[in-house]
2 protein chains.
Amino acid sequence: MEVEKKKVSAGCPVEAALNVIGGKWKGIALYHLLVDGTLRFNELKRRVGNVTQRMLTKQLRELEEDGIINRHVYAEVPPKVEYSLTEKGETLRPILIGLREWGMANAFPEFLEKNSTASNDK
Amino acid sequence: MEVEKKKVSAGCPVEAALNVIGGKWKGIALYHLLVDGTLRFNELKRRVGNVTQRMLTKQLRELEEDGIINRHVYAEVPPKVEYSLTEKGETLRPILIGLREWGMANAFPEFLEKNSTASNDK
DNA sequence: CCGTATCCCTGGAGATACTG
DNA sequence: CAGTATCTCCAGGGATACGG
């Protein structure tokens, strides 16, 4: 299958950066990778939580495209694929930490009020 | 009209933070507000660039909902509405600066390669 | 000037089943 | 185990026109 390049035009650097880490599951995935270092697909999937294989795969592929993560495939059976941050991905660490800090300090309490009933169960 | 609360379930703080600033036009809008301080609607619209009134309005309303920006309406004719960051919004400054720095250093060159022909014209 | 109302349409995203 | 392949659904987002 052909790998289509995403043609997202970013008008400014902030937008460009958000295009890289702003995907629906990219934030959490990246965060777990920067905490745990290296993770197999299913380990990552388990940590991210409520995500389908298809979605997680897509997001990881995009991150790989952008040079943020490494995808190491072992020629074994059963298959084994490990994901880890690249050097470029490591440069995101302060930003991701910053986002996490801010989220804990500001967004989380507020969002908990809004979702009185619904947890993120499915 | 009733203002619907967004019921986005964030599983972690990083996600929660991205839910706040990850909207399509929020990054640029916030960045211009933190640079210019206070802007009228059309000034902001002009700076953001290729955005419709409807979209910009929606994004600004969400930011207002989240307590990130202030919306000051002057009871004049012709109407005049000014937007500015709240105290809470100011706490995003280091993150936005970080995103901008990272975008300039990493994402922008790469994205320019991908769009060899297409600029962000319409 | 600063929005809202309406219409429409693309693609993001989930469920499910299948394969190397 | 780690993915693709299909199908489907609906919300995000754009164009346009109208209103206070």
Side-chain angles (χ1 to χ4, degrees), chain A residues 1-11 15 18-19 22-29 33 38-65 69-84 120-122, chain B residues 1-11 15 18-19 21-29 38-65 69-84 120-122:
Chain A
M1 175 189 168
E2 280 300 320
V3 182
E4 287 280 337
K5 290 280 186 184
K6 301 238 310 183
K7 289 271 188 54
V8 273
S9 299
E15 211 177 345
L18 285 174
N19 283 336
K24 186 163 190 186
W25 307 102
K26 290 180 185 176
I28 335 119
L33 285 175
T38 297
L39 289 173
R40 298 184 59 169
F41 182 80
N42 272 351
E43 290 174 331
L44 188 51
K45 182 172 182 300
R46 213 164 294 119
R47 278 170 175 73
V48 170
N50 190 20
V51 63
T52 59
Q53 279 195 352
R54 172 184 152 77
M55 274 302 103
L56 184 55
T57 301
K58 272 183 60 177
Q59 301 278 299
L60 292 174
R61 285 293 193 287
E62 291 181 16
L63 288 172
E64 195 191 357
E65 280 269 321
I69 62 174
N70 275 312
R71 178 169 177 264
H72 186 74
V73 183
Y74 293 85
E76 301 176 357
V77 47
K80 177 177 168 184
V81 181
E82 285 184 342
Y83 292 91
S84 57
N120 55 349
D121 53 341
K122 180 62 183 306
Chain B
M1 176 187 165
E2 279 301 319
V3 180
E4 287 281 338
K5 290 280 183 182
K6 300 242 306 186
K7 289 273 188 53
V8 273
S9 298
E15 212 178 344
L18 284 174
N19 283 337
I21 65 169
K24 187 163 188 186
W25 306 101
K26 290 181 185 176
I28 335 120
T38 298
L39 289 172
R40 299 185 58 170
F41 181 82
N42 272 351
E43 291 174 331
L44 188 51
K45 182 172 183 297
R46 214 164 293 122
R47 278 169 176 74
V48 170
N50 191 19
V51 63
T52 60
Q53 278 195 352
R54 171 184 152 78
M55 274 302 104
L56 184 56
T57 301
K58 272 184 58 177
Q59 302 278 299
L60 291 174
R61 284 295 192 285
E62 290 182 16
L63 289 172
E64 196 191 356
E65 279 270 320
I69 61 174
N70 274 313
R71 178 169 176 264
H72 186 73
V73 183
Y74 293 85
E76 301 178 358
V77 45
K80 176 178 168 184
V81 181
E82 286 185 341
Y83 293 91
S84 57
N120 55 348
D121 53 342
K122 177 63 184 305

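First the proteins, then the strands, lettered A, B, ... as listed; each starts at 1.
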Between the NZ atom in Lys26(B) and the CG atom in Leu18(B), the distance rounded to the nearest 0.5 Å is 11.0 Å
What is the nucleic acid contact for Tyr83(A), judged by heavy atoms within less than 4.0 Å: base, sugar-phosphate only, or nothing? sugar-phosphate
So, taking the atom named CH2 in Trp25(A) and the one named OG1 in Thr57(A), what distance separates them when rounded to the nearest 0.5 Å? 13.0 Å
Closest listed nucleotide, where the reference is the side chain of Thr52(A) and the choices are dA15(D), dC2(C), dA15(C): dA15(C)
Starting from P on dA2(D), measure out to CZ on Arg71(A) and report it in whole angstrom. 10 Å
Could you name each residue pair satisfying salt bridge (charged side-chain N to carboxylate O under 4.0 Å, His left out) that touches residues 42-54 of chain A, not counting sequence neighbours? Asp36(A)-Arg47(A)
If you assign Phe41(B) and Trp25(A) each to the DNA chain C nucleotide with the nearest heavy atom, which residue ends up on the more 5' nucleotide? Phe41(B)
CD of Gln59(A) versus P of dG11(C): gap in Å, rounded? 17 Å
With sugar-phosphate meaning primed atoms plus P, OP1 and OP2, does Pro78(B) contact a base, only sugar-phosphate, or nothing at under 4.0 Å between heavy atoms? sugar-phosphate
Dot-bracket, DNA chain C: Watson-Crick or G-U, under 3.5 angstrom, [ ] crossing, | other strand? ||||||||||||||||||||
May I ask you to say what Arg54(B) touches in the nucleic acid, namely base, sugar-phosphate or nothing, with a heavy-atom cut-off under 4.0 Å? base
Would you compute the distance between atom CG of Leu56(A) and atom NZ of Lys24(A) and round it to the nearest 0.5 angstrom? 13.0 Å
Distance check needed: dC2(C) P versus Glu76(B) CD, whole Å only. 11 Å
Closest to the Met55(B) side chain: dG14(D), dT4(D), dG14(C)? dG14(D)
Approximate separation, where rounding is to 0.5 Å, of Leu60(A) CG and Leu33(A) CG: 7.5 Å
To the nearest Å, how far apart are Leu44(A) CG and dC1(D) P? 15 Å
Give the nucleotide from the list dC1(D), dG13(D), dT4(D) with an atom nearest to the side chain of Pro79(A). dC1(D)
Would you mind reading off the distance between Lys58(A) atom NZ and dA13(C) atom P, rounded to a whole angstrom? 7 Å
Between C1' on dA15(C) and NZ on Lys45(A), what's the gap in Å once rounded to a whole number? 12 Å
Out of dG14(C), dC2(C), dA2(D), minimum distance to the side chain of Arg40(B) belongs to dC2(C)
Tell me what Lys24(A) touches on the nucleic acid: a base, only sugar-phosphate, or nothing, going by heavy atoms under 4.0 Å. sugar-phosphate
Atom CG in Leu44(B), atom OH in Tyr83(B): separation rounded to 0.5 Å? 8.0 Å
In whole Å, I'd like the distance from the CG atom of Asn50(B) to the P atom of dG13(D). 14 Å
Leu56(A) CG to dA15(C) C1', in whole Å, measures 16 Å
